[in-house]
Amino acid sequence: MQPGTIKVLFVCTGNICRSPTAEGVFKRHVKEAGLAEQVLSDSAGTHGYHVGEPPDPRTQQAASRRGYDLSALRARQVSRSDFSEFDYVLVMDETNLAVLQRLCPPQYSNRLKLFLEFSGDPAVRVVPDPYYGGAQGFERVLDLVEQASKHFLKYLQDEKYK
């Protein structure tokens with residue numbers, strides 16, 4: 001990749017399940033690609049239910065089983081400045097995308113995308129919220145996020161060489 005920093009924000013509802021998982025997984029892929037100085041990421045929620053809290057214990061346990069440490073992450077709510085600060089605002093589902101589309105200044109609307117647009121599987125568009133389900137939901141989130149993270153990083157690498 002060429003010089004210059006790319007900033008990516010992952011967004012879900014409360015920032016304790018899906019978006020911190022995406023942040024942690026994506027950061028590891030970026031680090032393994034040797035791009036930690038060029039590609040920065042963060043996560044946030046559209047709602048402030050859990051501001052300051054670590055990811056849900058079930059999220060952390062599922063991630064830990066795959067070698068991801070999410071323990072240092074803390075939930076925060078999306079702010080208006082995020083739209084200008086981040087090059088990509090990748091959202092986990094259509095409901096949260098609609099919330100962000102209402103908040104986003106028009107000049108930044110092209111930065112909003114569903115994260116799974118980069119999954120390589122057009123049939124799967126959203127990362128389902130595992131909060132009210134069982135352990136298998138957290139594993140499914142990891143499966144989807146790992147796949148999309150690989151594809152999104154490749155997309156970024158390809159875009160920078162154009």
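The structure displayed is predicted, hence computed values, not measured ones.
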Please report the shortest heavy-atom distance between [X] and [Y], naming the atom on each side.
{"X": "Arg58", "Y": "Pro130", "value": "NH1-O, 4.5 Å"}
{"X": "Gly52", "Y": "Arg74", "value": "O-CD, 3.1 Å"}
{"X": "Val91", "Y": "Leu100", "value": "CG2-CD1, 3.4 Å"}
{"X": "Val8", "Y": "Val39", "value": "CG2-CG1, 4.5 Å"}
{"X": "Asp56", "Y": "Cys17", "value": "CB-SG, 4.0 Å"}
{"X": "Ala75", "Y": "His50", "value": "CB-O, 3.1 Å"}

Excluding sequence neighbours, so at least two apart, what forms ring pair (Phe, Tyr, Trp, His ring centres under 6.0 Å) with Phe26?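 Counting only residues at least two positions away or on another chain, Phe26 forms a ring pair (Phe, Tyr, Trp, His ring centres under 6.0 Å) with Phe10, Phe152.
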Using the test ring pair (Phe, Tyr, Trp, His ring centres under 6.0 Å), find all partners of Tyr49 that sit at least two apart in sequence or belong to another chain.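 For Tyr49, the residues satisfying ring pair (Phe, Tyr, Trp, His ring centres under 6.0 Å) (neighbours in sequence not counted) are His47.
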Honestly curious: do [X] and [Y] fall in one hydrophobic cluster under the side-chain, below-4.5 Å linking rule?
{"X": "Ile16", "Y": "Leu73", "answer": "no"}
{"X": "Phe86", "Y": "Val99", "answer": "yes"}
{"X": "Val127", "Y": "Tyr131", "answer": "no"}
{"X": "Val11", "Y": "Val124", "answer": "no"}
{"X": "Leu90", "Y": "Val25", "answer": "yes"}

Sequence neighbours excluded, which residues qualify as salt bridge (Lys or Arg N to Asp or Glu O under 4.0 Å) partners of [X]?
{"X": "Lys7", "value": "Glu85"}
{"X": "Glu53", "value": "none"}
{"X": "Lys154", "value": "Asp158"}
{"X": "Arg28", "value": "Glu32"}

Test of understanding: with side-chain hydrogen bond (donor to acceptor under 3.5 Å, both in side chains), list the residues that count as partners of Ser19, not counting sequence neighbours. Asn15
So, Ser71 versus Asp69: side-chain donor-acceptor pair below 3.5 Å or not?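 Yes - a donor-acceptor pair under 3.5 Å links their side chains.
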Measuring from Ser43:OG to Leu9:CG, what's the distance to the nearest 0.5 Å? 7.0 Å
Which residue pairs pass the side-chain hydrogen bond (donor to acceptor under 3.5 Å, both in side chains) test with at least one member in residues 88-110, sequence neighbours excluded?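 For residues 88-110: Thr13-Asn96, Arg18-Asp93, Thr46-Asn96, Asp93-Asn96, Glu94-Arg125.
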Quick one: side-chain hydrogen bond (donor to acceptor under 3.5 Å, both in side chains) pairs with a partner in residues 134-151, sequence neighbours left out?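 For residues 134-151, and leaving out neighbouring residues, the side-chain hydrogen bond (donor to acceptor under 3.5 Å, both in side chains) pairs sorted by first residue read Arg65-Glu139, Arg66-Glu139, Arg66-Asp143, Arg66-Glu146, Tyr68-Glu146.
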For Ala33, what residues pass the side-chain contact (heavy atoms from CB on, under 4.5 Å) criterion, not counting sequence neighbours? Leu35, Leu153, Gln157
Partners passing side-chain contact (heavy atoms from CB on, under 4.5 Å) against Gln77 (at least two apart in sequence or in another chain):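 Counting only residues at least two positions away or on another chain, Gln77 forms a side-chain contact (heavy atoms from CB on, under 4.5 Å) with Val51.
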Hey, could you give me each pair passing salt bridge (charged side-chain N to carboxylate O under 4.0 Å, His left out) that has a residue in residues 35-50? Not counting sequence neighbours.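 Every salt bridge (charged side-chain N to carboxylate O under 4.0 Å, His left out) pair that includes a residue of residues 35-50, provided the two are not neighbours, is Asp42-Arg76.
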